[in-house]
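All remarks here apply to the structure that follows.
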Amino acid sequence: MARYIVRRLLLAIPVLIGASFLIFAMVFALPGDPIRALGGDRPISPAVQQELRDRYNLDDPLLVQYGKYVGNLAQGDLGTDFSGRPVSDILERSALVTVKLALVALAFEAIFGLLAGVLAGIRQKSFFDNLVLVTTTLIVSIPVFVLGFLAQYALGLRLGIFPIAGVADGFKGYILPGFVLAALSLAYVARLTRTSLVENLRNDYVRTARAKGLSPATVVGKHTLRNSLIPVVTFLGADLGTLLSGAVVTEGIFNIPGLGRAVFQAIQTQEGTVVVGIVTLFVFVYIFFNLVVDVLYAALDPRIRYE
Amino acid sequence: MRVSASLLALALAATACGGGGGGEGEDVSSDEGQSGGTFSMYIGEPENPLIPSNTSETEGGQVVDALFTGLVTYDADSSEQQMDGVAESIESEDSKTWTIKLKDWTFHDGTPVTSDSFLQAWNFAALSTNAQGNSYFFGNVEGYDDLQAEEGKEPAGTELSGLNKVDDKTFEVTLKEPFRQYPITLGYSAFYPLPESFFADKAAQDAFGKKPNGNGPFKADTELVPGQGITLSRFEDYPEDKAKADSVEIKIYTEVNTAYTDVQGGQLDIVDTIPPDAISTAPDEFGDRYIERPSSSFQYMGFPTYDPRFADPKVRQAFSMAVDRKGITEAIFNGTRQPAYSAISPVVDGHREDACKYCEYKPDEAKALLEQTDFDTSKPVDLWFNAGAGHDEWVQAVGNNLRDNLGVTYKLQGGLQFAEYLPKADDKGFTGPFRLGWAMDYPSPQNYLEPLYSTGALPPNGSNTAFYSNPEFDKLVKEGNTAEDNDEAVTKYQEAEDVLLEDMPIMPMFFGLVQGVHSDKVSNVKINAFTRVVLEDVTVNQ
């Protein structure tokens, strides 16, 4: 097991280097002159523009720029944005916020998604099953920003239950955006859990367990759910990566200073070093959670073994 | 289930530590009815650290203006220059060498504001290797060119030779050319003083950028946290009118929609921008808590005078007369702009309502005039604007006007982001009329003329992207700059404007309006022509 994990982690290194180079090249290929745009309608004096270009190596060819970037990276220096703020500061600050938001969202998915899925699965064709079917279909079909504004308007402004925006109120400020962020995946988790459970309930070993006279709770909870969770865990694991990177819209609506927002702004202003720093972090998170999911398989299904 | 339960526990643990902050800071100890209390204010994310010489945009500018006071200040309503800044007097015999005397002021930490506070700050700002965005404001000071490094070289000097310290409270500025209205410019953030401690090292400057030690009506209580904001409190030793409120919490929002909703919900007190969808309902909803006033912004469409097709002024005049500015502002902007019939904004002294005779909507005359030229109407006209900034609709309306009134077809060229659009402008890349905008640096008509249309402002040195050059115009601007007094200067600038609007290298389109709303917790909310809320005047209702 340990050898397997180490091997997977070592494999991540070339993936990270390749990914960061690709991102770097993409930002490099963006047309336009970010330094000229800094000034907007007003001019920036040519000498100042030159100074900034030199400072950020913008006149160098792609490979030289990337080489300098990696060279600095090797010394632990992630570079700075155009206004001189270290990228590591941006990462540190916004990652913490996004991680909290993602975990709240994941909790929503895991609790409500699984609960709805299990209940719908064991009571097929019941009213509750149909209710889950209808609500999840509805959620999947509503764009995230509509859901966000609706939640903000109804629960935040009209009813005043949750803060409308920001993270200053602590945990409370994360609930609404966390829910909105989770909504789509929550629907998937519920559907996935239901399908997987229904399928497994038809298996012979379940019939055997029932025939032995085990209580329905034991049959479902102990014998069926564990197997049924494998696809769900795969989904949740991959989704955590998505939650971390895909929060651009939600973070914008709820004014949450997280990674999604940071990367959005950085792309707009063509701040290559910031984009590369953040996206490489996303790639790493993705790789890491894939590994976690694979390891979890073994825990859920003893038949799966890694040498 | 075990998996998700432990993840939940982790989630709760992680979020629980994010609490704290955001307290209301109720202060009822104040015994004056008019002062005291705390309020909150919206800004967007500042682009740069809070260093005045590097802050030219509105978001950071809102904070910097509360933290610093320059040599002069501007009246919130009229934008007129006032002498309640640091300068005791600003005098000159010849409009070229200015003697500036200072009052006894201190920075927030108690160190005195001296001649060096200005001279060091200005040299720092002007030196190109410091890469300060406001560097070009010192371009009219003698010796500026020595501080501009050529590619791969060090600059020839590090101090402006035109700056000369007389004593701790007096210094002289020598300009390259006389400029009568020079004192008016000195209230802008580029000219704010910096304390000695700022210049210690890079680390000191980084720290300063997060939590400046200024000399303004408010001082910084906290560091500016990107994405969140900063808290300011009243500077008790401020020598002029002190801030009314005890403190102000400046909150950063990415979406102005969210900020507006927060004002509706009572969790934010002032927002100085209204989201487009709320423009029509805001005046009714907020009543006398809705504010509207002209801003300094100016939208225009430039003509590529370098393109043979647009070289004839008659063509440009015809185009301008064919455009129904009033109709466009009403149909598209919902009254959030006002049509421009001059090139000098209504917020500055010297504005004339109808300086531009070719800006009046006269479709028939336009057509007749165009027919006198050899303009080829069979070829479509390209209309340029930058993408993603909401210009599509009105530029298209301009195109429809041209099509209906002049019989020319048009092609919208709106695919370029600002970062591509601007270099194209500098590079004579436009093949037809192009949209651009301007917001003033200081309230002088000169600021609406010289940086935009003078020969000296041709790219890359300035924003004259129409590549207009007329010696007569340059001469009149210069005469305005060297005038005996302000009235004469204004007259000369107006004459220059007349020349400009006869040649029509650009057609004026709209002047900006700024709209905002506030909660019933605060009163006396004023937005100045720079579209900044005058924070020190805001009172909190107890």
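The chains referred to below are lettered A, B, ... by the order of the sequence lines, with proteins before strands, and numbering in each begins at 1. Please read these numbers as outputs of a predicted model, since none were measured by experiment. All values below were derived from every heavy atom in this structure, side-chain atoms included, with hydrogens, water molecules and symmetry-related copies excluded.
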Measuring from [X]:[atom1] to [Y]:[atom2], what's the distance to the nearest 0.5 Å?
X	Y	atom1	atom2	answer
N48(B)	R85(A)	CG	CZ	7.0 Å
E255(B)	F149(A)	CD	CZ	5.5 Å
D262(B)	N255(A)	CG	CG	8.0 Å
Q417(B)	Q270(A)	CD	CD	8.0 Å
L157(A)	Y260(B)	CG	OH	10.5 Å

Chain B contact via [X] - side chain, backbone, both or neither, heavy atoms under 4.5 Å:
X	answer
R55(A)	side chain
P34(A)	backbone
R36(A)	both
D81(A)	neither
Q265(A)	side chain

Quick check on the interface: out of [options], who has the most heavy-atom pairs with chain B under 4.5 Å?
options	result
S83(A), P46(A), A37(A)	S83(A)
A102(A), A47(A), G221(A)	A47(A)
E251(A), R93(A), R158(A), Q152(A)	R93(A)

Exercise. So which part of K210(B) gets closer than 4.5 Å to some heavy atom of chain A, the side chain, the backbone, both or neither?
Worked result: side chain

Under 4.5 Å, counting heavy-atom pairs only, tell me which of [options] racks up the most with chain A.
options	result
K424(B), Q132(B), K251(B)	Q132(B)
L436(B), I252(B), L416(B)	I252(B)
P226(B), G209(B), A439(B)	P226(B)
D426(B), L127(B), N130(B), I51(B)	D426(B)
G437(B), G133(B), G265(B)	G437(B)
A419(B), G227(B), P49(B), P423(B)	A419(B)

Let me have the donor-acceptor pairs involving side chains of residues 143-155 of chain B, under 3.5 Å, with sequence neighbours excluded, atom names and distances please.
from, atom 1, to, atom 2, distance (Å)
Y144(B), OH, S135(B), O, 3.4
Y144(B), OH, S135(B), OG, 3.0
Q148(B), OE1, S45(A), OG, 3.2
Q148(B), NE2, A126(B), O, 2.9

Look at atom [atom1] of [X] and say whether more than 12 heavy atoms of other residues, nucleotides or ligands are closer to it than 6.0 Å.
X	atom1	answer
F162(A)	CZ	yes
Y56(A)	OH	yes
F28(A)	CZ	yes

Seminar exercise, completed: For P257(A) and Q228(B), the nearest pair of non-hydrogen atoms, with its separation, is CG-CG, 3.9 Å

Exercise. Of the non-hydrogen atoms in L38(A) and E47(B), which two are nearest, and what is the gap between them?
Worked result: O-OE1, 3.9 Å

Exercise. Using a heavy-atom distance cut-off of less than 4.5 Å, which residues of residues 457-465 of chain B contact chain A?
Worked result: P460(B), N461(B), G462(B), S463(B)

Problem set entry | Beyond-backbone contact of Q50(A) with S128(B), side-chain heavy atoms, under 4.5 angstrom | no

For this session: Name all residues meeting the ring pair (Phe, Tyr, Trp, His ring centres under 6.0 Å) criterion together with F385(B); count only those two or more places apart in sequence or in a different chain, and write none if there are none.
Result: none

Exercise. Considering residues at least two apart in sequence or located in another chain, which fulfil the salt bridge (Lys or Arg N to Asp or Glu O under 4.0 Å) criterion with R53(A)?
Worked result: D33(A)

For this session: Look at the side chain of T258(B) and the backbone N and O of I253(A), then say whether any donor-acceptor pair between them is shorter than 3.5 Å.
Result: yes

